[in-house]
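First the structure, in the form of structure tokens, and then the observations on it.
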Amino acid sequence: MSSPSTRRPRKVAVVGVALSDTGRVDDATPYALHAQAARRALADSGLDRSVVDGFGSAGLGTLAPVEVAEYLGLRPTWVDSTTVGGATWEVMAAHAADAIAAGHANAVLLVYGSTARADIKAGRRTSNLSFGARGPLQFEVPYGHTLISKYAMAARRHMHQYGTTVEQLAQVAVQARANAAANPDAMFRDPITVDDVLSGPMIADPFTKLHCCIRSDGGCAVLLAAEEYVPDTAKSPVWVLGSGTAVSHTTMSEWEDFTVSPAAVSGRLAFERAGVGPADIDLAEIYDAFTHMTLVTLEDLGFCAKGEGGPFVEKGRLLRTGDLPVNTDGGGLSACHPGMRGLFLLVEAVRQLRGEAGAGQVRKPDGRLPSLAVASGTGGWFCSSGTVVLGRA
């Protein structure tokens, strides 16, 4: 037997993915959505729940992930509760893959669920204007510097520095909605135009309503497992080829360049570790709480040069039939956004690589299924980033 120092790292695959009920879910708790997604992901994998010895969860419970694991009847020996906003799930997937590769876990279940929309409709919570007023944030909160205003400032800086137009930003929303039209699970599927985006109510200049993500309910789950479990799975594996994580800033005064996100670092690391480059990627799933996020992340991942995101997103490039299909399910702008959406990016990427996206399936020019996908999550106001490169066998 090989010694621990010479044993090669195990390959890691995503072997199960699933959504819970999504969109408008008025009759379920967040715990119920976690359980529904977890059961469906296990069924999708074909593996028994007894193989799950690792668990990741964030955003629910006093002692997440202990409380959620207990609700699901799991007793994991490896856990993760990393919370870095929307990037949480790509960062957590990177942690899980590293743990499995090193032999610290065999199968790790990542689960998320939220009733953000239903809670507001029922008066169980209100919208939050900030993340808090302690620590470094105390110097910004008294001036009404909300999360969306921070993104709006960054968008305006990009527009000033590179000539990006509000019409180009609107194209991101228009193409996301067009992709959502082919997704039966998407919350909004009716087509929109650039004029529709520009004429909507102003939320934070330059963002009108359709520049911003929707608020929905929903959950999802992803099961990662070591290579020796793959022969027993129900479907073809999607391999984790490489990942990268990075953090940037908390206060805007510490953000060195408003036009650069930490995806510039996490993406570079993920591509280097996967041994591929942006030109090899068939589709991208990118966190899109606002249209500007998509554009900047495309630049920082290397799909176009810095400052060229505006022209890049024009002419239908982001459509599932475009040069670089992006957010093929409709993204957070049209499909669903129940809070920390990053796990949904991984689910959609896996489904596309497996050829399970139905009418929304991406195909290469020769008709073959896509081979490589990247999922890149963003947290806070471009404060954190996690990028994962996935490949089909």
Side-chain angles (χ1 to χ4, degrees), residues 14 17 82 84-97 110 112 151 154 158 172 175-176 179 213 220 222 238-248 259-274 276-306 309 312-313 317-318 324-333 335 337 340-353 362 370 372-391:
V14 177
V17 297
T82 297
V84 287
T88 289
W89 302 102
E90 281 68 36
V91 172
M92 210 179 277
H95 293 173
L110 308 180
Y112 178 69
Y151 275 108
H158 199 282
V172 176
Q175 292 174 62
N179 287 340
C213 65
C220 60
V222 170
V238 170
W239 300 100
V240 179
L241 302 181
S243 63
T245 65
V247 298
S248 179
T259 71
V260 178
S261 80
V265 177
S266 69
R268 173 179 55 79
L269 293 173
F271 286 134
E272 287 177 355
R273 292 162 181 170
V276 302
D280 301 311
I281 298 299
D282 297 312
L283 62 101
E285 307 299 337
I286 292 175
Y287 207 100
D288 61 340
F290 308 103
T291 53
H292 166 252
M293 295 175 70
T294 302
L295 185 148
V296 170
T297 305
L298 286 168
E299 293 178 346
D300 291 339
L301 292 178
F303 291 111
C304 61
K306 178 53 63 181
F312 183 85
V313 302
R317 278 195 175 94
L318 312 188
L324 178 67
V326 172
N327 295 339
T328 48
D329 63 344
L333 293 169
H337 197 299
M340 296 187 292
R341 179 180 151 76
L343 198 57
F344 290 84
L345 309 182
L346 294 169
V347 171
E348 176 64 13
V350 169
R351 286 181 165 178
Q352 286 287 347
L353 292 174
V362 169
L372 292 171
V374 63
S376 190
T378 301
W381 36 100
F382 280 132
C383 303
S384 61
S385 176
T387 303
V388 181
V389 178
L390 300 168

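No hydrogens, no waters, no symmetry mates; every other heavy atom, side chains included, goes into these values.
Note that OH of Tyr287 and OG of Ser376 are 12.0 Å apart. Values are rounded to the nearest 0.5 Å. For the atom pair Leu390 CG and Gln352 CD, the distance stands at 12.0 Å (nearest 0.5 Å). How far CD1 of Ile286 is from OG1 of Thr378: 8.5 Å, rounded to the nearest 0.5 Å. Between atom OG1 of residue Thr297 and atom CZ of residue Phe303 there is a gap of 10.5 Å, rounded to the nearest 0.5 Å. Separation of atoms NE2 (His158) and CD (Glu299) is listed at 3.5 Å; rounding is to 0.5 Å. Taking CG of Leu345 as the reference point, atom OG1 of Thr328 lies at 10.0 Å (rounded to 0.5 Å).
When all heavy atoms of Cys213 and Leu333 are compared, the pair lying nearest together is N-CD2, 3.8 Å. Cys220 and Val347 get closest at one heavy-atom pair: CB-CG2, 4.0 Å. Taking each heavy atom of Phe382 and His292 in turn, the nearest pair found is CE1-CE1, 3.6 Å. Looking at every heavy atom in both residues, Ala349 comes nearest to Leu283 through CA-CD1, 4.5 Å. Annotation for Gly330 and Asn179: closest pair N-CB, 4.1 Å, computed over non-hydrogen atoms.
Within the 4.5 Å cutoff, the side chain of Leu372 has heavy atoms near those of the Val276 side chain. Looking only at side-chain heavy atoms (C-beta outward), Val238 and Val17 stay at 4.5 Å or farther from each other. Residues Trp89 and Phe344 form no side-chain contact, since every pair of their non-hydrogen atoms from C-beta on lies 4.5 Å or further apart. Proximity of Val350 to Leu353: side-chain heavy atoms (C-beta onward) are nowhere separated by under 4.5 Å. At a threshold of 4.5 Å between non-hydrogen side-chain atoms, the residues Leu324 and Phe312 count as touching. Within the 4.5 Å cutoff, no side-chain heavy atoms of Asp282 are placed close to those of Val362.
Residues satisfying the side-chain hydrogen bond (donor to acceptor under 3.5 Å, both in side chains) criterion with Glu90, sequence neighbours excluded, are absent altogether.
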List the atom pairs, with distances to 0.1 Å, where a side-chain N or O of residues 261-271 and a protein N or O form a donor-acceptor pair under 3.5 Å, not counting sequence neighbours.
{"residue": "Ser261", "atom": "OG", "partner": "Ala263", "partner atom": "N", "Å": "3.2"}
{"residue": "Ser261", "atom": "OG", "partner": "Asp300", "partner atom": "OD2", "Å": "2.7"}
{"residue": "Ser266", "atom": "OG", "partner": "Ser385", "partner atom": "OG", "Å": "2.7"}
{"residue": "Ser266", "atom": "OG", "partner": "Thr387", "partner atom": "OG1", "Å": "2.8"}

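The closest donor-acceptor contact from the side chain of Tyr151 to the backbone of Phe290 lies at 3.5 Å or more, if one exists at all. Asp329 contributes a side-chain N or O that, together with a main-chain N or O of Gly331, makes up a donor-acceptor pair within less than 3.5 Å.
Partner Val172 forms a side-chain contact (heavy atoms from CB on, under 4.5 Å) with one of Val326, Asn327, Val313 and no other, that one being Val313.
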